[in-house]
Amino acid sequence: MNDRRAIGRALDAHLHLLDRQVLDRDDVPVTTVDDLELVGIELGAAIDRDAAPPRVTAILTGSDLATRIFGGRPPPSRRVRIPWELVAEIGTAIRLGVAGDTLDATWAERWVSDHIIGRIPGGRHDPE
Amino acid sequence: MKRLFSVALGILTAIGGFVDIGDLVTNAVVGSRFGLGLAWVVLVGVVGICVFAQMSGRVAAVSGRATFEIIRERLGPRAGLANLGASFLINLLTLTAEIGGVALALQLATSVDPLLWMPVAAFGVWIAVWRARFRLLENVTGLLGLTLIVFAVALFMLAPDWNALAGQALQRGTPQDEPVATYWFFAVALFGAAMTPYEVFFFSSGAIEERWTEKDLATSRLNVLVGFPLGGLLSIAIAGCAAVVLLPASIDVTSLSQVVLPVADAGGKVALAFAIVGILAATFGAALETTLSSGYTLAQYFGWSWGKFRRPAKAARFHLSMIICLFVAVAILATGVDPIVVTEFSVVFSAVALPLTYLPILIIANDREYMGDRVNGRGMNAIGTVYLVIILIAAIAAIPLLIITGGGA
Amino acid sequence: MILSDLLGSDVVDAHGRRLGALVDVRLEVSGRPRQLLADTVVVGILVSPRSRFSTWGFERRDEHAPAIVARPQRWLHRGMFLVDWRDVAVVDEGRVTLRDGAEHLDPSLREAPRSH
Amino acid sequence: MSRSRRASARERPHAAVIVVTFAVAASLLTACTNPGAEFDRAVEQGSTAVETARLAVALERDGRTFASTTTTALEDARRELVDAASAVAETDAESPSDAALRADLLDALALGVTAVNEALDAMAGIGTLDAVEPALDEAEEALDALGAPGGTR
């Protein structure tokens, strides 16, 4: 359901986005929102009053969970990003407008599926 | 007519599904030491699990979000991780106890050493989780578990002195010959056995597996409100049998074989056969539920794809985590630890883990963002809050009591 | 910048006086419509004078049940206020400085975003 | 103010609290007890096992149970008796009366083990169950005699 009337809707990042379930367009779970990437904030720089406000540019997942709990900072390379443009709808879960297996956030799922579960007999059939 | 059948099936499955190795052992142990003195705890626990299952079923059906997604979303990753850690370890403990229970039940039927049965039981659980449909699993184990009614029949056949039993049940305060701490330790253990967290993970994830709608919610309410109390009565019957046969002979229950002796005493081989089949089905069903619950908790916390309705390759990490849990359970049992001791620890620690999962569900059941207008009514919130207090007290008292009584010795 | 770097920062006014902790960031789904969902921009920050911990949002929405949880939560985060993003002067590591005369706005959300 | 401190200050470390309570619980459970209590528990454990064996044998003779169930019950009873005996054997006496009590207790538990083994042999076809019940009675009397007054329920 494409939520066009979302224009102008207010929501709080921590309350409504962090730790929410991310689903792909077929409602297959992709991952959980571990963190958000913001653009347009410069540490230490004086902000001009009528500069453009910062924007959410990506959902961060995977290694960020550890840093959010235990502190420290992951190397940018290991951070898994889901571009914010792919988000189609925000509700009790966040639905993307694309299929899950195109994202590198589902890399681990696909690896386990191809190398382990897929290899066990019956792994690819629907349960009868 | 079909509707009536599905309703009956739902209730019967809830009865069979309610009793597991924790209920069997804890009620028999309590029956053999306190008679029906602790029956009131089972009633408190049954009402509690009805309230809890109702709320989590409704939350899952209306919001489409399962228990551990909500726990992580509402508590945040740190508290959520601690919650996951505790709930997952206790669920693994319960899974180990259930598989041990299946092996012990098979030993009763074949007198083959349970250590040989344990890998077979784990493999059987895996095959069922891997291939069978969700509804099929529930119905078969639930219906077969119904044969546990033989404990109630046996209680009647033993023709006990009913007012003596009633006297025990209505007795005020703790019996003189038992230290107060032991009485309350077993009260918490019995409460943990009746309100096992995995039942709620399984119940609410099942609501999503089967895509419950408002109509399914109505039938589920019936299943819970009729099935669980009858399951509770079954638990009391198990304690009753132990009270009538084992208590006078001052036999303290320490093994599953002692639990079934009263049934053999009452109804001979036929009754005993029913009891063994019932225990086998109840523990196997519970092993399935705890295996799935371990997969649900991990997948829902980390946001993996999960669900029995999906083919395994489409929920790969969900299935992989369950396979690993089964291996770990068999490894723990292979160390020769007594499954009955594992069971007693699992029910006590279930009581400890309860608030971790109950609190977020109670909050979300009142959150209009998730539930729209189906939020908790005033009545449900009142009883929900009363049970939050009871659950917190039980959780806080559980470990100190465990230490003081040295495991109820 | 990552959101969780911002969360939990100390919020100080133009004269350096600590006002509280930044517990959340108010976003608005508006701005240039992108491919599927319109742009999501930061419109303000939420400051809680008394508590640094993640809040369950009772105080920002008219959620009052269950009382046993809602009431302490609302008490814990009483005095929370919203500050418009334009009133933010500087963002440092763990510290946000507001402009002089920054207004303390009402933090409550209009209606909970309902997805279905 | 370093980032990691603020992150942990931001939310209480629940994980550490839970881990600590588990560790404390596990360690305290293995605290040792004095000989008197140890002997009482062994008597209680022993008499429970003997009573269980008696019930199982009685049901077996009445044909009201399966051989596999009786055998399992007897094996469980034997394991309890052996556990009780090993616990008693490893208890250090703190007085001459403790030592004497320990010796008598080991004899009584041994009586129980021989009786249960006799039953298990009978189940395996060696000998009969006839002599088992008197042997169990003897073991029970020996155990009851050693139990502290009111010690066993």
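All chains are named by letter (A, B, ...) in the order of the sequence lines, taking the proteins before the strands, and each is independently numbered beginning at 1.
- The side-chain heavy atoms of C:Asp87 and A:Arg49, taken from C-beta on, include a pair separated by under 4.5 Å.
- Side-chain contact between A:Leu17 and C:Leu3 is absent, with no heavy-atom pair separated by less than 4.5 Å.
- With a 4.5 Å cut-off on side-chain heavy atoms, A:Leu43 and C:Val91 count as touching.
- Atom-to-atom distance recorded for C:Thr40:OG1 and A:Leu38:CG is 10.5 Å, nearest 0.5 angstrom.
- With a 4.5 Å cut-off on side-chain heavy atoms, C:Leu7 and A:Leu18 count as touching.
- Closest non-hydrogen pair, C:Asp92 versus A:Gly44, comes out as OD1-CA, 3.0 Å.
- Residue C:Arg71 places its CZ atom among 12 or fewer non-hydrogen atoms of other residues, nucleotides or ligands, all under 6.0 Å distant.
- With a 4.5 Å cut-off on side-chain heavy atoms, C:Val23 and A:His14 do not count as touching.
- With a threshold of 4.5 angstrom between heavy atoms, A:Asp50 does not approach chain C through any atom at all.
- Looking at heavy atoms from C-beta onward, C:Val25 lies out of side-chain contact with A:Leu36 at the 4.5 angstrom threshold.
- Here the closest non-hydrogen pair linking A:Ile47 and C:Arg99 is O-NH2, 2.8 Å.
- Residue C:Val42 comes nearest to A:Pro53 through the heavy atom pair O-CB, 3.4 Å, listed as atom of the first residue, atom of the second, then distance.
- Within a 6.0 Å radius of CZ in C:Arg86, other residues, nucleotides and ligands contribute 12 heavy atoms or fewer.
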